[in-house]
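Remember, predicted model here, so these are calculated numbers, not experimental data. A, B, ... follow the sequence lines: proteins, then strands. Residue 1 opens every chain.
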There are 2 protein chains.
Amino acid sequence: MTYEQALTALADPTRRHIFEALKDCPKTVGELAHSQPVSRPAVSQHLKVLQSAQLVSVRPEGNRRFYAIKREGLEELRTYLDGFWNDVLSAYSAEIAHRMKKT
Amino acid sequence: MTYEQALTALADPTRRHIFEALKDCPKTVGELAHSQPVSRPAVSQHLKVLQSAQLVSVRPEGNRRFYAIKREGLEELRTYLDGFWNDVLSAYSAEIAHRMKKT
DNA sequence: CTTGTTCGTAAGTCATAACTTACTGTAAGT
DNA sequence: ACTTACAGTAAGTTATGACTTACGAACAAG
């Protein structure tokens, strides 16, 4: 269910950059906004989308809020693609077998 | 490079449905349009996007054109996600180690 | 040669979502 | 207590892209 949200979330370049900026360590909204060519509210809105796609999580600390990569959404996406990949491979080998039988 | 195109291509629901409809066997544009609530030209445009993302391939046969899943784009996307996944895991364990050291 | 499929492209419409600025809220510092 | 820093929300603008209808090209069939 969430793999669709993960796909639409990661489709936007800005959102992907934000997501990738969180790869090594959690960051605050301000930090993320500094490394992006967009305003801070824009980053907030992108983080909201990423959060609803289960791709990031928040940890409030005093005045600031630290965003970090959440594994759930990413794992769902990986699982979906793996399943698709396996289906494609089996369909491919099935077609090979079918052709072998014909000749 | 193409993993970005693959993400934006698979973000659209209609395009994802078309892509998934090709999972078992190659189909023509008309066949795909029949299984979708959109017009045939719309399907053509979606196929164009999928093709530039290396997600599908074409094989003309007389009057018709058979579209099929192409492994390149899907594989690039999988590779990207796998790399990202590994980075996240290593960063996670690094943070754990860091905290262990501190206490 | 004409007719009928099958499909791609062009042009135009419309909805969505990615931004902006302005405002509000909350925690920390003086 | 007031001020400053940090972040989310509201509202409005604008650009993009997902669709439509109309048209043109290529091949098949009569």
State the NZ-CG distance between B/Lys23 and A/Asn86, to the nearest 0.5 angstrom.
10.0 Å

Does the side chain of A/Arg65 get closer than 4.0 angstrom to OP1 or OP2 of D/dG8 through an N or O atom?
yes

Is the CZ atom of B/Arg78 crowded by more than 12 outside heavy atoms at less than 6.0 Å?
yes

Side chains of B/Thr2 and B/Gln54 only: does a donor on one sit below 3.5 Å from an acceptor on the other?
no

What I want to find out is whether A/Arg59 reaches A/Glu61 closely enough, with some N-O distance under 4.0 Å, to be called a salt bridge.
yes

Separation of D/dC6 atom P from A/Phe66 atom CZ, nearest Å, is 11 Å

When you measure from the side chain of B/Arg65 to the backbone N and O of B/Pro60, does any donor-acceptor pair fall under 3.5 Å?
no

Atom CZ of A/Arg16 with >12 non-hydrogen neighbours under 6.0 angstrom:
yes

Result for 5'-nearest mapping on DNA chain C, choosing between A/Glu61 and A/Gln45, is A/Gln45

With respect to the side chain of B/His46, which nucleotide from D/dT20, D/dT9, D/dA18 is positioned closest?
D/dA18

Neighbour count >12 (heavy atoms, 6.0 Å) for atom NZ, B/Lys48
no

Just checking A/Tyr67: base, sugar-phosphate only, or nothing, at a heavy-atom cut-off of under 4.0 Å?
sugar-phosphate

Pair B/Phe84-A/Ile69, side chain to side chain contact (heavy atoms under 4.5 Å, CB included): steps then yes or no
CA-CA 11 Å; B/Phe84 201 94; A/Ile69 300 277; 3.9 Å; yes

For the pair made of CD in A/Gln51 and C1' in D/dT9, what is the distance, rounded to whole Å?
15 Å

I'd like the 5' and 3' limits of the part of DNA chain C contacted by chain A, with heavy-atom contacts below 4.0 Å.
C/dA18 to C/dA28

Indicate for each nucleotide in nucleotides 23-30 of chain D, in 5' to 3' sequence, whether protein heavy atoms under 4.0 Å reach the base (B), only the sugar-phosphate (S), or nothing (-).
---BBS--

Using whole Å, report how far CG of B/Asp12 lies from C1' of D/dT16.
13 Å

Mind calculating the distance between CD (A/Glu31) and P (D/dA5) to the nearest angstrom?
16 Å

What is the distance, to the nearest angstrom, from the CZ atom on A/Arg64 to the C1' atom on D/dG8?
17 Å

Nearest heavy atoms of A/Val29 and A/Leu47, plus distance in Å
CG2-CD1, 3.9 Å

Using a cut-off of less than 4.0 Å, is there contact between a side-chain N or O of A/Thr28 and OP1 or OP2 of D/dA7?
yes

